[in-house]
Each structure stands twice: as C-alpha cells, then as structure tokens.
*Asks:* 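Take a look at the following structure, please.
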Amino acid sequence: MTVARCLPGAQARYFCIRYLKPVLSVRPSLQSVRWSVTSPKQWISRQSRDPFVKQRAKDGYRSRAAYKLEDIQRKYALMKKGMVVLDLGGCPGGWAQVAVKYAVRSPQKSVVPPDSGGAQGKVVSVDLLLTDPIPGATLIRGDMTKPSILEQIYLVISSKGPAQALCSDAHARKAVVDVVLSDMAHPFTGSRTADVARVIELCELALSVAEQPGMLKNGGAFVCKFIQGEGDQELRALMKEKFNRVAYEKPGASRSGSAEGYLVCLGYKRDI
Ligand SMILES: C[S@@+](CC[C@H](N)C(=O)[O-])C[C@H]1O[C@@H](n2cnc3c(N)ncnc32)[C@H](O)[C@@H]1O
C-alpha cells in the first residue's frame with residue numbers, strides 16, 4: 001500500500017489492481033510468476049526508465065497504452081472526425097483521449113463540412129472501474145457482460161431521443177458505430193493459460209457487442225487486445241469470417257517482453 005500511496009491517482013489505482021488484487025485473490029505458481037513479469041519494485045523502476053511514461057506526462061495522456069492506439073491509428077487511420085467510437089475497457093482513459101483527438105470535432109472549430117452529415121463525432125468509453133472525466137467522451141461505468149450496459153451505450157450513440165431509443169425494436173436499430181476498440185483485460189492471475197483464455201473471452205465479448213443491432217456499421221473497424229497462446233489462432237480465424245481484413249499488430253509501446261498483441265480488423269461484414 002505504501003508504494004501505491006506515493007503514486008498519482010490513476011497510477012495508484014492501476015498499481016492496486018495490477019498487484020494487490022491478484023495477490024489477494026490468487027496464489028500463482030512460481031513458474032507462472034516468472035511469466036507474469038515484475039515485482040512492485042521492478043515495476044516502479046521500469047516506469048521511471050520508460051520513454052513512453054515520460055512522453056505521457058508531456059502529452060497529458062492518462063496511460064502509456066495511449067501510444068499503442070496512436071501507433072495503430074497512424075498505420076490504419078481508423079478514426080476520422082465525426083465518427084462514433086466505442087471504447088471497451090477504457091479506464092484510466094488513454095485510448096478514450098486518443099479517440100476524442102481523432103474522432104470528435106472541437107466545439108470552437110465546429111464548422112462542419114457539408115459532406116460529413118453534420119456529425120460532431122462521439123466517443124463512448126466503458127469500464128468496470130470509475131474513469132475520471134475526459135472532455136469530449138461519455139463515460140459509462142459497468143460490466144460489458146451486462147445487457148443493461150448495452151442499452152446505456154445505445155442511448156448515448158443513438159441520434160434519436162432517449163425515449164425512442166429505448167422503445168424501438170432492438171432488431172430494427174440502425175448500426176451507428178464506426179469503430180469498436182477493446183483493450184479489456186483482467187488483472188493477471190499468474191497462470192498464463194488462464195490469462196490467455198480470459199483475454200480471448202473478452203475479445204469474443206467485444207465482438208459480440210459489436211455485432212449487436214445498432215452497434216458496428218457494415219464496413220466498420222474493430223481492434224482488440226489479446227495475449228498470444230492457446231486459442232489465439234481460432235480467435236483470428238473467427239475475426240477473418242467477420243471482417244474483410246485482419247492484421248496482427250505489436251505497437252511500439254507494447255513491451256517486447258509482453259505476449260500481448262492486437263488484432264486490427266477492417267471492413268465488418270454486417271450484412272452477410
Ligand atoms: C489495460 S486496461 C485498459 C487501458 C485503457 N485502454 C487506457 O488506455 O487507459 C483494461 C481494462 O479493462 C477493464 N475490463 C475488464 N473486463 C471488463 C468488462 N467485463 N467490462 C468492462 N471493462 C472491463 C478493466 O477494468 C481495465 O480497466
């Protein structure tokens with residue numbers, strides 16, 4: 001706890017979730033601890049040497065994870081002004097900040113081009129944890145496995161009034177989301193097999209959210225974080241059925257020692 005107290009708000013919360021929760025709830029085997037990386041002391045030392053952590057402070061991003069999405073955005077230009085972006089597992093908010101930067105028009109400069117449909121752009125970010133407010137984003141605290149959270153998302157993204165959005169037949173909903181992002185992950189348990197399986201489950205959850213009526217548009221894009229291991233090829237095959245193009249990315253900010261990777265999926269085939 002002493003270490004956590006020395007850290008600024010969001011980092012302290014992350015530290016507690018990353019280290020204390022798994023320690024309190026699961027006893028990993030020694031072999032698996034080696035995979036689950038660092039001790040708290042090593043973590044602090046690694047953070048202080050990490051160029052992305054330093055850059056993050058300058059850029060005002062909540063997490064170094066923001067640079068992973070920046071990297072993906074640079075390569076694929078997924079987000080454009082006026083788009084609707086759904087960010088799953090958004091706390092402490094780095095990805096949501098990047099999404100706002102690329103998708104939401106700032107109110108001051110709001111001379112909206114005539115071919116854009118007049119859209120301002122929307123970012124909706126959902127997490128189990130409470131995220132501090134992010135200008136330009138709507139934050140929802142909740143569990144993505146709960147249908148009530150889907151309804152809350154739909155209320156925000158629907159351009160209709162809340163009453164209409166709630167009353168309308170869910171199956172008749174027009175898909176409005178341009179990009180679904182999932183960086184969802186649980187605190188590591190220390191068992192690689194279990195952690196790989198849990199993250200893949202979260203990717204499948206994110207895909208099922210994207211596939212709901214009213215969510216990802218035909219032709220839309222989807223990004224999810226996974227951990228390499230048993231089941232990742234099946235996940236990739238599933239994405240290939242649903243999207244025209246699926247690419248594996250290991251962004252520069254993703255630590256080389258970490259087995260995490262991202263699937264960038266383009267051209268959602270909703271109508272097939
Ligand atoms: C690696 S963090 C996300 C970091 C974030 N992308 C950023 O840039 O700041 C993973 C997040 O996924 C969230 N998460 C895991 N399972 C979830 C679920 N079922 N519903 C909503 N959020 C979930 C966790 O609470 C955690 O905050």
Side-chain angles (χ1 to χ4, degrees), residues 8-22 25 36-37 43 47 50 52-53 55-57 59-73 78-79 85-103 123-134 136-153 179-189 194-210 212 222-227 249 251-255 258-264:
Q11 277 201 50
R13 254 200 319 267
Y14 182 72
F15 177 89
C16 291
I17 292 157
R18 177 84 165 79
Y19 291 106
L20 302 183
K21 200 169 159 201
S25 57
S36 87
V37 270
W43 188 78
Q47 290 289 98
D50 186 329
F52 289 105
V53 171
Q55 189 60 35
R56 182 184 74 79
D59 293 343
Y61 281 140
R62 299 264 177 90
S63 60
R64 70 187 290 295
Y67 296 102
K68 301 176 192 174
L69 185 59
E70 280 277 15
D71 232 26
I72 292 171
Q73 170 69 14
L78 303 175
M79 296 175 279
V85 180
L86 178 56
D87 171 38
L88 306 177
C91 185
W95 279 34
Q97 289 176 299
V98 174
V100 167
K101 174 175 159 188
Y102 290 101
V123 173
V124 183
S125 182
V126 188
D127 202 288
L128 293 166
L129 304 173
L130 188 63
T131 307
D132 292 335
I134 297 173
T138 303
L139 309 177
I140 297 174
R141 185 179 187 184
D143 182 345
M144 278 319 307
T145 60
K146 301 274 186 295
S148 61
I149 300 299
L150 269 180
E151 283 307 307
Q152 283 191 46
I153 295 171
V179 182
V180 173
L181 306 170
S182 171
D183 198 23
M184 283 192 286
H186 294 298
F188 287 162
T189 63
D195 291 332
V196 167
R198 278 153 56 103
V199 177
I200 288 179
E201 256 173 40
L202 290 172
C203 293
E204 289 167 354
L205 171 66
L207 177 65
S208 81
V209 169
Q212 293 301 310
F222 177 92
V223 177
C224 66
K225 189 235 300 283
F226 72 104
I227 300 174
E249 286 298 330
S254 181
R255 299 184 202 280
S258 141
E260 78 170 10
Y262 289 84
L263 288 181
V264 179

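Both counts, for ligands and for their atoms, begin at 1 and track the order of listing.
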*Asks:* What heavy-atom pair brings Leu205 and Ser208 nearest, and what distance separates the two atoms?
*Replies:*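 Smallest heavy-atom distance, with atoms named: O-OG, 2.9 Å.
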*Asks:* Could I get the full list of side chain to side chain donor-acceptor pair (under 3.5 Å) partners for Gln212, not counting sequence neighbours?
*Replies:* none
*Asks:* So which heavy atom on Gly252 is nearest to which on Phe52, and how close?
*Replies:* O-CE1, 3.8 Å
*Asks:* Atoms of ligand 1 less than 4.0 Å from Asp143 heavy atoms?
*Replies:*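 Taking each heavy atom of Asp143 in turn, ligand 1 has 18 (C), 19 (N), 20 (N) under 4.0 Å.
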*Asks:* How close do Arg141 and Leu129 get, heavy atom to heavy atom, and via which atoms?
*Replies:*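 In terms of heavy atoms, the two residues are closest at NE-C, 3.7 Å.
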*Asks:* Report, in ascending order of atom number, the atoms of ligand 1 lying under 4.0 Å from any heavy atom of Ala65.
*Replies:*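 Counting atoms of ligand 1 from 1, those under 4.0 Å from Ala65 are 8 (O).
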*Asks:* Please confirm whether Met184 comes under 4.0 Å of ligand 1, counting heavy atoms of the residue only.
*Replies:* yes
*Asks:* Return the option from Leu129, Val199, Asp183 holding the heavy atom at the smallest distance from atom 1 (C) of ligand 1.
*Replies:* Asp183
*Asks:* Number the atoms of ligand 1 from 1 as they appear, then name those within less than 4.0 Å of a heavy atom of His186, with their elements.
*Replies:*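 What qualifies from ligand 1 is 16 (N).
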*Asks:* Heavy-atom contacts with Cys91 under 4.0 Å: which atoms of ligand 1 show up? List them by number with element.
*Replies:*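 It comes down to these atoms of ligand 1: 2 (S), 3 (C), 4 (C), 5 (C), 9 (O), 27 (O).
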*Asks:* How long is the span from the NZ atom in Lys225 to the CG atom in Leu69, to the nearest 0.5 Å?
*Replies:*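 Lys225 NZ to Leu69 CG: 11.5 Å, rounded to 0.5 Å.
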*Asks:* Say whether Leu202, considering both its backbone and side-chain N or O atoms, lies within less than 3.5 Å of an N or O atom on ligand 1.
*Replies:*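 There is no such contact.
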*Asks:* Just jot down the ligand 1 atoms closer than 4.0 angstrom to any heavy atom of Gly142, in number order.
*Replies:* 20 (N), 21 (C)
*Asks:* Report, in ascending order of atom number, the atoms of ligand 1 lying under 4.0 Å from any heavy atom of Met144.
*Replies:*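 Atoms satisfying the 4.0 Å criterion: 18 (C), 19 (N), 20 (N), 21 (C).
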*Asks:* For Ser125 versus Gly90, what's the shortest heavy-atom pair and its separation?
*Replies:* OG-CA, 3.5 Å
*Asks:* Quick one: which ligand 1 atoms are inside 4.0 Å of a heavy atom on Gly90?
*Replies:* 5 (C), 7 (C), 9 (O)
*Asks:* Compare every heavy atom of Leu88 with every heavy atom of Met144, then report the nearest pair and how far apart it is.
*Replies:*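 Closest pair (atom of Met144, atom of Leu88, distance): SD-CD2, 3.7 Å.
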*Asks:* In sequence, state the C-alpha distance, the side-chain angles, and the governing distance for Asp50 and Arg255, and then conclude on salt bridge (Lys or Arg N to Asp or Glu O under 4.0 Å).
*Replies:* CA-CA 10 Å; Asp50 186 329; Arg255 299 184 202 280; 2.9 Å; yes
*Asks:* What orientation do Trp95 and Tyr262 show, parallel under 30°, tilted 30 to 60°, or perpendicular over 60°?
*Replies:*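 Trp95 and Tyr262: tilted rings.
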*Asks:* Check whether any heavy atom of Ala96 sits under 4.0 Å from an atom of ligand 1.
*Replies:* no
*Asks:* Would you indicate which of Leu69, Val98, Asp127, Ile140 comes nearest to atom 24 (C) of ligand 1 when only heavy atoms are counted?
*Replies:*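 Minimum heavy-atom distance to atom 24 (C) of ligand 1 goes to Asp127.
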*Asks:* Could you tell me whether some N/O pair between Ala66 and ligand 1 is separated by less than 3.5 angstrom?
*Replies:* no
*Asks:* Of the side chain and backbone of Ser63, name the one, both, or neither that has a heavy atom under 4.0 Å from an atom of ligand 1.
*Replies:* side chain
